[in-house]
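Here the structure is laid out as structure tokens; the discussion comes afterwards.
Values below: all heavy atoms of this structure, side chains included; hydrogens, waters and symmetry mates excluded.
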Amino acid sequence: MAVQDSVLVLQERLANEQKLVQLIDRIHSAKTLDTIFIEIQGEILAFLAADRLTLYAADMEKKELYSKFLALDTVREIRLPVNESSVAGFVATSRQTVNIADAYDTGELTKINAKLRFDSSWDKKTGYRTTQILGMPILHENRVVGVMQLLNKKKGGRFTKDDELNVARIAKTLGVAFHNQQQLGQRRGTKFDYLLAQGLMSQDDINTAIAAARHKNTDVEAILMDQYKIPKGELGASLSQFYRVPFIEFSERVIPSPELLRDLKLEFLKRNLWLPLKREHDGSTVVLIDNPQDIQRVDSIHQVMRGHKVQLAVGLKHDIQQFLAAVGGEGGSGPRGSMSDILSDLGNEAAAEKEMDAGGSEVDENDSAVIRLANQVIVDAFKARASDIHIEPYGSQKDTMIRLRVDGACNEYQRVPGAFRRALVARIKIMAMLDIAERRKPQDGKIKFKVPDGREIELRVATVPTQGGNEDVVMRILSASEPIPIDKLGMLDRNLREMKAAAEKPYGLILCVGPTGSGKTTTLHSVLGYINKPERKIWTAEDPVEITQYGLRQVQVQPKIGFTFAQAMRAFLRADPDVIMVGEMRDEETAETGIEASLTGHLVLSTLHTNSAVETVIRLLDMGLDPFNFSDALLAVLAQRLVKRICTECKEEYHPDEDEYAELEHAFGGKEETAKFGIDYNDDFVLFRGKGCGNCNNSGYRGRAGIHELLVANDGMKRLIANKARVVEMVTTAKADGMTTLVQDGILKALDGLTDVKQVKAVAIK
């Protein structure tokens, strides 16, 4: 028995040693101090079996210790003075290891040093109770480069000698890493130190590239990318680290703000090689320049941009030239480049209008610049993958704002002179065949529009009179498209299996529910695509017909002439249908007709604006539907939302802290629910996020994905519906039958790296 115990002890020590070696390798391979602070610190803590760990780096110029941590996707910094007012400060001052059993025992602290104090302000702020502390200096060649501080040992009383030995080995490795990173930060000899540190180039390579750039009279960055094949992202990281500002590369999706460029001459910007790019949410103006340390040019930027809070960003010379070419309408950037020409023409005409008497005639909607502007807005919106275009006038004295909704979020796209607001709105009304003289009441219509690549798109136009005699216009882009195959909708296996089974039934009612713009029609067309066979006659009534399918007989309803969904359904029932799809059950009449149709041998699919699957059942019963007929007819209710997808180009995995996991666990429904799905927090648990890149316009997200909640109307559920059971009973039964809620489905997809928990909470948690 004793031999067996000793073998187990040896095995445990060996496993411990292997973990320590792996940890030391991770520290050596860290690219930056931030990587150690934010990513590796958690791994060190897991190995040392303490409750909390803080790594501090020494800033001896300021006589301070500093550390960084991640809070709500933002890197925050904390700083402490190097003195006896804190344990970490004392460790750095004295260069000695401190092992404290109780931080609040002043007698114990005094024994170590008469001046030593424990700063309890953090405990008071957070409610955390610090007991044991193990603090150790991080040294390099007997010089303090940082401090390791462990709080509260997980098992046992105080930290042991073995703990001190483990911490000492890690501290020795950190000493080398901190020294190297600090040297890299201090040396700042060239813009390419990061490339050297990453082993992408040698100093000889860089010297050769600099000589070649001088010889060819070009910039070094172009040589590094062309001849040495250095990726633009790595080069950008090197410039960003050297200049200590963000790196921005050229993208057709990034449109320089016309408002910021209005008073600047393009030739001046080209000569000085900088441009104001965008305005941030905090009101600062991002100015892109190739050398943020060129004092003369930076001074001129501050002079020219007086009144702006300037935030510099670094870009490659060629990229800045591309931005400026796009602004000037040059270089084949296509329609986007011509937008600046249009705005320039509008600006000139607006100035001419100003010179005329205020009572002079307004600009005509047939003016060539206005026609070009209206067309260009639609083309640019289509290219940007926008779902909606919002035109928002603020009177004649202020610019008219144009915003685009991309992936569910509105972003400013352009501003045009206020003098053209009525001409622009009138032009769109003409395109949509609306009454241009009627400005007092809302109107709606459609535009058929051919984009440059030859494709024809349709836009649903709504005009709304707004305060001050203005008219807003919102255009929904309905690009004619093929249905998505049902297997590509991203449903969980259970949901996909049950949805297919319901669709294959000869009769019954399938509902798809969710708010406007949650992809309900797309999902129903995918279901229809799955059952669209020559032997099944399928009729659809839609408003509007967005997706077309060969084999379907699709009808556009016209409520203005009395051709409603209910009327369309009654017409379909006389036209020998097998399957009927109704765009929306807006009223009791449509719902009752749908249930009657499903009970008389037809499969009926429709949508409803409700929040969840169970809520849909309650809503329809409250509308006055007969519970027995409804329970007989119902096959399934699919609730869905669209969440932003993490950009595949810049997706990275990370290990969340315990607080973030606790939030995820709570949203999922608690420990019992996570246990059912095998979700457990450990060292291997990872989530995903987008860093931001050119592909996603630095947002970290590109495209959208569906999350689903499928209630299947089996015998038990039908009984509950017929008896008008309470919501809680229905939810419990549905979950027992395998239903995952919207939030659960979203979190499972976040674990797979499709989205993140923040996006799930944004659309699925009330």
Side-chain angles (χ1 to χ4, degrees), residues 11-57 65-78 88 97 128 132-140 145-155 159-160 162-182 197-198 651-665 679-689 691 751 753 756-757:
Q11 285 175 339
E12 190 176 329
R13 280 184 183 169
L14 182 61
N16 217 39
E17 186 65 25
Q18 286 173 338
K19 282 182 186 174
L20 185 57
V21 169
Q22 286 171 357
L23 196 53
I24 287 168
D25 286 343
R26 282 278 285 133
I27 294 167
H28 279 310
S29 64
K31 294 181 179 180
T32 62
L33 271 179
D34 283 5
T35 305
I36 296 172
F37 282 135
I38 293 160
E39 295 177 20
I40 300 176
Q41 185 167 252
E43 297 172 30
I44 297 172
L45 176 61
F47 174 75
L48 294 172
D51 203 9
R52 296 199 176 181
L53 164 70
T54 308
L55 295 179
Y56 293 97
L65 297 172
Y66 68 94
S67 184
K68 294 185 181 180
F69 64 99
L70 201 63
L72 297 173
D73 294 335
T74 305
V75 177
R76 300 273 176 86
E77 189 180 83
I78 51 172
T97 299
Y128 182 79
Q132 306 99 351
I133 302 177
L134 176 58
M136 185 171 289
I138 300 172
L139 304 172
H140 183 267
V145 291
V147 170
M148 275 182 81
Q149 181 174 274
L150 286 166
L151 302 182
N152 293 6
K153 187 171 170 63
K154 281 193 172 175
K155 290 180 183 175
F159 289 100
T160 64
D162 281 346
D163 292 329
E164 288 185 23
L165 285 170
N166 284 332
V167 171
R169 287 182 67 182
I170 293 168
K172 187 177 178 182
T173 307
L174 286 169
V176 176
F178 278 24
H179 169 74
N180 289 343
Q181 293 295 339
Q182 286 168 358
Q198 299 306 310
K651 180 165 73 174
E652 63 175 7
E653 61 179 47
Y654 70 100
H655 180 62
D657 60 25
E658 290 186 20
D659 290 344
E660 190 177 347
Y661 177 77
E663 198 177 339
L664 179 150
E665 186 179 69
I679 302 168
D680 185 33
Y681 185 72
N682 53 40
D683 294 346
D684 298 327
F685 183 82
V686 292
L687 291 175
F688 300 83
R689 61 188 169 206
K691 289 189 290 188
L751 295 175
D756 58 36
V757 179

- Query: To the nearest 0.5 Å, how far apart are CG in Leu55 and CE in Met148?
  - Reply: 5.5 Å
- Sequence neighbours excluded, which residues qualify as salt bridge (charged side-chain N to carboxylate O under 4.0 Å, His left out) partners of Glu663? Lys761
- Task: Quick one: pull up CG in Asn166 and CG in Leu48 and give me the separation to the nearest 0.5 Å.
- Result: 6.5 Å
- Query: Between atom CD1 of Ile24 and atom CD1 of Ile44, what is the distance when rounded to the nearest 0.5 Å?
  - Reply: 10.0 Å
- Tell me, do Leu687 and Leu751 make a side-chain contact under 4.5 Å, heavy atoms counted? yes
- Can you name the ring pair (Phe, Tyr, Trp, His ring centres under 6.0 Å) partners of Phe47, sequence neighbours left out? none
- Item | Pairing residues for Ala50 by the side chain to side chain contact (heavy atoms under 4.5 Å, CB included) criterion, not counting sequence neighbours | Leu45, Leu150, Phe159
- Message: According to side chain to side chain contact (heavy atoms under 4.5 Å, CB included), who are the partners of Ser67, at least two apart in sequence or on a separate chain?
- Response: Phe37, Gln41, Thr54, Tyr56, Ile78
- Kindly state each residue pair satisfying salt bridge (Lys or Arg N to Asp or Glu O under 4.0 Å) with at least one member in residues 171-182, sequence neighbours excluded. none
- Query: What pairs meet the salt bridge (Lys or Arg N to Asp or Glu O under 4.0 Å) rule with one or both residues in residues 43-54, with sequence neighbours excluded?
  - Reply: Arg26-Glu43
- Between atom CG of Leu20 and atom CZ of Arg169, what is the distance when rounded to the nearest 0.5 Å? 4.5 Å
- Task: For the pair Tyr681 (side chain) and Pro656 (backbone), establish whether a donor and an acceptor sit closer than 3.5 Å, ignoring hydrogens and angles.
- Result: yes
- Item | Any residue meeting side-chain hydrogen bond (donor to acceptor under 3.5 Å, both in side chains) with Glu658, in chain and number order, not counting sequence neighbours | none
- Message: Taking salt bridge (charged side-chain N to carboxylate O under 4.0 Å, His left out) as the definition, give me every residue that meets it alongside Lys153, ordered by chain and number, with sequence neighbours left out.
- Response: Asp163
- The salt bridge (charged side-chain N to carboxylate O under 4.0 Å, His left out) partners of Glu652 (sequence neighbours excluded) come to Arg689
- Query: If you take all heavy atoms of Met136 and Ala171, which pair is closest and at what distance?
  - Reply: SD-CB, 4.2 Å
- Message: I need the minimum non-hydrogen distance between Ala88 and Val147, along with the two atoms involved.
- Response: O-CG2, 3.7 Å
- Message: If the condition is side chain to side chain contact (heavy atoms under 4.5 Å, CB included), which residues does Asn682 pass it with, not counting sequence neighbours?
- Response: Asp680, Asp684, Phe685
- Message: When you compare the side chain of Leu174 with that of Ile27, does any pair of heavy atoms fall below 4.5 Å?
- Response: yes
- Note on the structure: Scanning both residues in full, the closest heavy-atom pair of Ile138 with Phe178 reads CD1-CE2, 4.1 Å
- Which distance, rounded to the nearest 0.5 Å, do you find between the OH of Tyr128 and the CG of Leu151? 5.0 Å
- Do you know the tightest heavy-atom contact between Glu653 and Val686? OE2-CG1, 4.0 Å
